[in-house]
J.: 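Shown below is the structure under consideration.
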Amino acid sequence: MLIRPLGHPGDLGWVIQAHGELYAAEHAWDTSFEALVAKIVSDYAEDHDPTREGAWIAELDGQRVGCVFCVREDDKTAKLRVLLVHPDARGHGAGNRRSLVRAEDLRGARVRTGRGDAPAQLRP
């Protein structure tokens, strides 16, 4: 499993496409969810603070299989967004927060991982 910063050509589009396809297959969601992910990804791509925010891609055997964005919520708190692990990569550690978001990349931020803003279908 390789975890690398987002930034290769195609990464942004893959994040959107993977979310749309996976959530349609696993939860029968329509393209409105994909549009929401597109907005989150677009907002990040257009305006993020690289000293305080980051995004990572997980690769397995040279293929993208996961992603997560860590964005500023306030001056002391970061928020994980668009976390996804493709079914082919489940069980390989890509979803482990310590794996996908390296602690040294968070620069001391408190990370909020609660599901308060997750769609109701995904809440425990």
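The structure presented is a predicted model; accordingly, all values stated were derived computationally and were not measured. Sequence positions, counted from 1, serve as the residue numbers for this chain.
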J.: Any donor-acceptor pair under 3.5 Å linking the side chain of Arg64 with the backbone of Val15?
T.: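 No, because the side chain of Arg64 does not come within donor-acceptor range (under 3.5 Å) of the backbone of Val15.
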J.: For Ala18, what residues pass the side-chain contact (heavy atoms from CB on, under 4.5 Å) criterion, not counting sequence neighbours?
T.: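 Applying side-chain contact (heavy atoms from CB on, under 4.5 Å) to Ala18 gives Trp14, Leu84.
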J.: For a 4.5 angstrom cut-off between non-hydrogen side-chain atoms, does His19 reach Val82?
T.: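 SC-SC contact between His19 and Val82 confirmed.
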J.: Is a donor on one side and an acceptor on the other found under 3.5 Å between the side chain of His86 and the backbone of Asp88?
T.: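 Confirmed, His86 side chain pairs with Asp88 backbone.
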J.: Rounded to the nearest 0.5 Å, what separation is found between the CD atom of Gln63 and the CG atom of Leu2?
T.: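 That separation rounds to 12.5 Å.
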J.: Tell me the salt bridge (Lys or Arg N to Asp or Glu O under 4.0 Å) pairs involving residues 12-37, sequence neighbours left out?
T.: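 Every pair satisfying salt bridge (Lys or Arg N to Asp or Glu O under 4.0 Å) with a residue in residues 12-37: Glu26-Arg90.
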J.: Compare every heavy atom of Leu83 with every heavy atom of Tyr23, then report the nearest pair and how far apart it is.
T.: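 So the minimum-distance heavy-atom pair works out to OH-O, 4.4 Å.
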J.: Using modelled atom types and a 3.5 Å cut-off, is there a donor and acceptor pairing between side-chain atoms of Glu53 and backbone atoms of Arg72?
T.: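 Yes.
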J.: Which pair of non-hydrogen atoms, one from Tyr44 and one from Ala55, has the smallest distance, and what is that distance?
T.: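 Heavy atoms of Tyr44 and Ala55 come nearest at OH-N, 3.3 Å.
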J.: Should Ser42 and Ile16 count as side-chain neighbours, where that means a heavy-atom distance under 4.5 Å?
T.: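 The answer is no; the side chains never approach within 4.5 Å.
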J.: If you take all heavy atoms of Asp74 and Arg52, which pair is closest and at what distance?
T.: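 Here Asp74 and Arg52 meet closest at O-NH2, 4.0 Å.
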J.: Using a 4.5 Å cut-off on heavy atoms from C-beta on, say whether the side chain of Trp56 contacts that of Arg4.
T.: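 In short, these two side chains do not touch, never coming nearer than 4.5 Å.
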J.: Between Arg81 and Cys70, is there a side-chain heavy-atom distance shorter than 4.5 Å?
T.: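 Not in contact.
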J.: Do the side chain of Asp11 and the main chain of His8 share a donor and acceptor less than 3.5 angstrom apart?
T.: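 Side chain of Asp11 to backbone of His8: a pair is present.
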J.: Please list, chain by chain and in numerical order, all residues satisfying side chain to side chain donor-acceptor pair (under 3.5 Å) with Asp47, sequence neighbours excluded.
T.: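 Asp47 satisfies side chain to side chain donor-acceptor pair (under 3.5 Å) with no other residue.
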